Structure formats: C-alpha cells, structure tokens
*Asks:* 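One structure follows; several queries about it will come next.
Basis for what follows: all heavy atoms, side chains included, without hydrogens, waters or symmetry-related copies. Source: prediction; values computed, not measured.
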Amino acid sequence: LNSKMPKHLQTTTLFHELVHVKQYELDGLYMSHKLMMFKGERHEGPSYWWYPWEIEARGMEEALLQEWLTHKKKKKN
C-alpha cells in the first residue's frame with residue numbers, strides 16, 4: 001500500500017489483496033512463471049483481467065469495503 005493513496009483506495013486495495021490470501025489458503029490459487037492454478041483448474045494466457053481469481057477479488061473488494069463502512073458507521077452510533 002502506498003501511504004500517499006487516498007484512504008478509500010488503500011482500504012479497497014487491502015481488501016482486494018486479502019481476497020487473494022483467502023484464495024491461496026482455501027481455493028488452491030497457485031501462480032508461478034510456468035503455471036497458474038485456481039480451484040483445480042489450470043489457466044494460461046495474458047488475460048489478466050479475466051482470470052477468475054481477479055474477477056472474484058475485484059467483486060469482493062467493493063463488497064467488503066461496503067460491509068466494513070457499514071460496521072464502522074454502526075460502531076460510531
């Protein structure tokens with residue numbers, strides 16, 4: 001994370017990367033220069049934005065952010 005980034009972007013990035021941690025631990029995400037695996041399937045090609053682990057992480061980052069903001073707001077009240 002870059003401390004010069006806006007807090008919202010820092011938090012969103014953190015949630016995105018935490019989804020990848022979950023994927024490594026629970027979904028078999030594995031990447032090397034020769035092989036990429038996710039949920040038991042091999043993936044190839046330069047389609048970074050369409051890899052299923054990136055699609056999931058981008059979707060979950062916003063959902064987790066909204067959940068965190070809701071929790072934070074309730075905690076203040």
Side-chain angles (χ1 to χ4, degrees):
L1 294 174
N2 182 336
S3 63
K4 294 178 182 178
M5 294 166 57
K7 292 290 182 192
H8 175 270
L9 189 54
Q10 288 182 34
T11 306
T12 303
T13 301
L14 178 61
F15 286 137
H16 179 99
E17 296 309 323
L18 286 172
V19 172
H20 289 317
V21 171
K22 186 275 299 183
Q23 292 168 336
Y24 275 105
E25 290 297 315
L26 302 177
D27 298 326
L29 179 59
Y30 173 81
M31 291 188 284
S32 73
H33 66 284
K34 293 183 179 182
L35 175 66
M36 291 183 287
M37 298 282 296
F38 184 62
K39 295 185 178 182
E41 294 182 21
R42 183 183 186 113
H43 295 272
E44 296 180 34
S47 306
Y48 171 81
W49 291 104
W50 296 107
Y51 286 135
W53 56 89
E54 287 301 329
I55 292 170
E56 178 182 30
R58 285 193 309 273
M60 290 296 295
E61 72 187 29
E62 191 62 34
L64 290 167
L65 176 66
Q66 293 307 314
E67 189 70 24
W68 181 73
L69 291 172
T70 299
H71 176 74
K72 189 175 169 183
K73 185 177 179 181
K74 285 180 183 178
K75 201 171 181 180
K76 276 188 174 181
N77 295 333

*Asks:* Pairing donors with acceptors under 3.5 angstrom, does anything connect the side chains of His16 and Glu62?
*Replies:*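 His16 vs Glu62: no donor-acceptor pair found between side chains.
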
*Asks:* Hey, does the side chain of Gln10 reach the backbone of Met5 with a donor-acceptor pair shorter than 3.5 angstrom?
*Replies:*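 Present.
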
*Asks:* Would you find more than 12 non-hydrogen atoms of other residues, nucleotides or ligands less than 6.0 Å from Met60 atom CE?
*Replies:*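 Counting other residues, nucleotides and ligands, CE of Met60 stays at 12 neighbours or fewer.
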
*Asks:* State, with a plain yes or no, whether a side-chain heavy atom of Thr70 is found less than 4.5 Å away from one of Lys73.
*Replies:*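 In short, these two side chains do not touch, never coming nearer than 4.5 Å.
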
*Asks:* Is a side-chain donor or acceptor of Gln23 paired with a backbone partner of Trp53 at a separation under 3.5 angstrom?
*Replies:*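 Checking the backbone N and O of Trp53 against the side chain of Gln23, a donor-acceptor pair under 3.5 Å is found.
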
*Asks:* Could you state whether Leu18 and Tyr24 fall into the same hydrophobic cluster, counting links through intermediate Ile, Leu, Val, Met, Phe, Trp or Tyr residues with side-chain heavy atoms under 4.5 angstrom apart?
*Replies:*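 Result: no, two separate clusters.
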
*Asks:* Taking Leu29's backbone N and O only, do any of them form a donor-acceptor pair with Asp27's side chain (distance below 3.5 Å, no angle check)?
*Replies:*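 No.
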
*Asks:* Taking the side chain as everything from C-beta on, heavy atoms only, tell me whether Glu56 gets closer than 4.5 Å to Val19.
*Replies:*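 Yes, their side chains come closer than 4.5 Å.
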
*Asks:* Do Leu69 and Leu9 sit in one hydrophobic cluster, given that two such residues count as connected whenever their side-chain heavy atoms are within less than 4.5 Å of each other, even indirectly?
*Replies:*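 Per the 4.5 Å side-chain linkage, Leu69 and Leu9 are not co-clustered.
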
*Asks:* Of Lys39, His43, Met37, which meets side-chain contact (heavy atoms from CB on, under 4.5 Å) against Glu41?
*Replies:*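 Testing each of Lys39, His43, Met37 against Glu41, the sole residue satisfying side-chain contact (heavy atoms from CB on, under 4.5 Å) is His43.
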
*Asks:* Could you state whether Leu64 and Trp68 fall into the same hydrophobic cluster, counting links through intermediate Ile, Leu, Val, Met, Phe, Trp or Tyr residues with side-chain heavy atoms under 4.5 angstrom apart?
*Replies:*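 Same cluster.
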
*Asks:* Report yes or no: do Phe38 and Met31 belong to one cluster of Ile/Leu/Val/Met/Phe/Trp/Tyr joined by side chain heavy-atom distances under 4.5 Å?
*Replies:*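 Hydrophobic grouping puts Phe38 with Met31.
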
*Asks:* Is there a path of hydrophobic side-chain contacts, each under 4.5 Å between heavy atoms of I, L, V, M, F, W or Y residues, that connects Leu1 with Leu65?
*Replies:*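 Yes, because Leu1 and Leu65 connect within a single hydrophobic cluster, where side-chain heavy atoms sit under 4.5 Å apart.
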
*Asks:* Could you state the interatomic distance from OG1 (Thr12) to NZ (Lys7), rounded to the nearest 0.5 Å?
*Replies:*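 Going from the OG1 atom of Thr12 to the NZ atom of Lys7 covers 12.5 Å.
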
